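So the structure is just underneath, and the comments pick up after that.
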Amino acid sequence: MDSRSHTHVTAALRLCLHALLAGLLALVVVRAMGEGAPDTAAVVTVTLLTAVLYAAGAARSSSVQPGTSAGAWWLGGLWALWAVLLVLSPDALWVAFPLYFLQLHFLPMRWALPAVVVTAAAAITSFAVHRQEIEPGAFIGPLIGAAVAVATVLGYDALFRESERRRELIVELVATRADLAEAERTAGTLAERERLAREIHDTLAQGLSSIQLLLRAAERSLPENAPAAPHVRAAREAAQANLAEARSFVRALTPPDLEHGSLAAALERLCARTTAPELTVRFAVSGTPVELPTPYEVALLRTAQSALANTVRHAEARRAEITLSFMDTSVALDVVDDGRGFDPSGAPGHERGEGGEGGDGGFGLPAMRARAGSLGGALSVESAPGQGTAVALTLPLPDTEGERAA
């Protein structure tokens, strides 16, 4: 057996083993002195040597460990002294029982079982030699003791392994809960940042852009020396400065994955850091990539994150693929997995199952559809139990000139 930590159970078992060995050695001495045998002095001497050697090993448990040379020499010395004691006294055969436990603890199982068998054979032989007769009890006692010792040690070892597995599961569960809480906090922060960026872009930035265009038109319609011309120019410049400030806020509030590199690079990093048992995630780009406005990139990235998160948490898939396709008039994102799938029509509001709101902490199908609709696009979900899931987001490519003017 391997060395075990000093838990309350192991400490209690060791105390019981110490008490058992001490009691059996005391029994040998008492029986020898009570019977007045001629070799009583030798029995007492060997018994005391055995007790001293055992106490020394127990006191230096830090160095006398299973699998070490010190532990092997210590166990061998105990066995040798016990063998001498067997020759001197038939009562020493009962000491075989604690020796079984020591052998099972200090030796690997492939060596411990033969050592137990040899110890039982030595005890049986000693009884037969001293009593000059063979009785069933002489065989049954040591063999039953050996069987009980082996069963006890193996049972405790199995319970210990099961306890360790449960402890590891609890540690993993606590870590997973902490990671999930952190992920939910991060998702909430990012969602709020996205909302603010979308609100600023759709209201303040667009309003300031319209004001700037109107003031520019008014400035051009006024005579060159008109008294209101400087005021209109100052208002246009103020609107232009505030528009630039609003756009800087929008850029600052975009998802961090889009701050360094393109949308394709962000999606590739998403696939690389997505991990799950036996899950392989791949990313591919189809067509010629074009520059997309920030709201488009945010919508595509968040849809991929939501769909892939549901694949990891609920699909039990082995393979998932994210494809970003650039076409003549639209851009499409496809997230496909080979997981267990679900029935989209059977979920109220399509918010249950792999793509549902309950699966990814609030960014469900209605939210994805609303985001797609706000950009003039469409979201489709194809799935069936046992046949995987495919989520497709299609957005029309914006008018470049119009976006630039905005």
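Positions are given from 1, in the same order as the sequence printed here. Model, not experiment: these values are computed from the prediction. What you see below is based on every heavy atom in this structure, not just the backbone, and it leaves out hydrogens, waters and symmetry mates.
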Determine, stepwise, if the pair Arg165 / Glu168 fulfils salt bridge (Lys or Arg N to Asp or Glu O under 4.0 Å).
CA-CA 5 Å; Arg165 282 195 293 269; Glu168 293 171 359; over 6 Å; no

I would like to know whether Arg166 and Glu162 meet salt bridge (Lys or Arg N to Asp or Glu O under 4.0 Å); could you show each step before the answer?
CA-CA 6 Å; Arg166 292 187 178 183; Glu162 181 65 23; 3.5 Å; yes

Take Glu164 and Arg161, measure what salt bridge (Lys or Arg N to Asp or Glu O under 4.0 Å) needs, and give me the verdict at the end.
CA-CA 5 Å; Glu164 281 295 296; Arg161 287 196 301 268; over 6 Å; no

Please assess Glu219 against Arg216 for the test salt bridge (Lys or Arg N to Asp or Glu O under 4.0 Å), listing each intermediate value before the final yes or no.
CA-CA 5 Å; Glu219 185 180 7; Arg216 186 187 298 275; over 6 Å; no

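Heavy atoms only, all atoms of each residue included: Ala304 and Ile322 are closest at CB-CD1, 4.3 Å. Closest approach of Arg369 and Val381 over heavy atoms only: NH2-CG2, 4.3 Å. When all heavy atoms are compared, the tightest approach of Leu279 to Ala317 is CD1-O, 3.6 Å. When all heavy atoms of Phe326 and Thr288 are compared, the pair lying nearest together is CB-O, 3.3 Å. Between Met109 and Leu104, the shortest heavy-atom distance links the atoms SD-CD2, 4.1 Å. For the pair Arg31 and Asp91, the tightest heavy-atom approach, listed with the atom from each and the gap, is CB-OD2, 3.1 Å.
The backbone N or O of Phe342 lies less than 3.5 Å from a partner atom in the side chain of Ser383, making a donor-acceptor pair. Using a distance-only test at 3.5 Å, with no hydrogens or angles considered, a donor-acceptor pair links the side chain of Thr45 to the main chain of Ala41. Remark: the backbone N or O of Pro396 is paired with a side-chain donor or acceptor of Tyr296 at under 3.5 angstrom. Panel note: side chain Ser89, backbone Val28; no donor-acceptor pair is recorded below 3.5 Å. Asp334 places no side-chain N or O within 3.5 Å of a backbone atom of Ala390 that could act as its donor or acceptor partner. Side-chain atoms of Ser221 come within 3.5 Å of backbone N or O of Ala218 as a donor-acceptor pair.
Considering only heavy atoms from C-beta on, Leu301 comes within 4.5 Å of Gln305 through its side chain.
At most 12 heavy atoms of other shown residues, nucleotides or ligands fall within 6.0 angstrom of atom CD in Glu172. Other residues, nucleotides and ligands contribute only 12 or fewer heavy atoms inside 6.0 Å of the CZ atom of Arg177.
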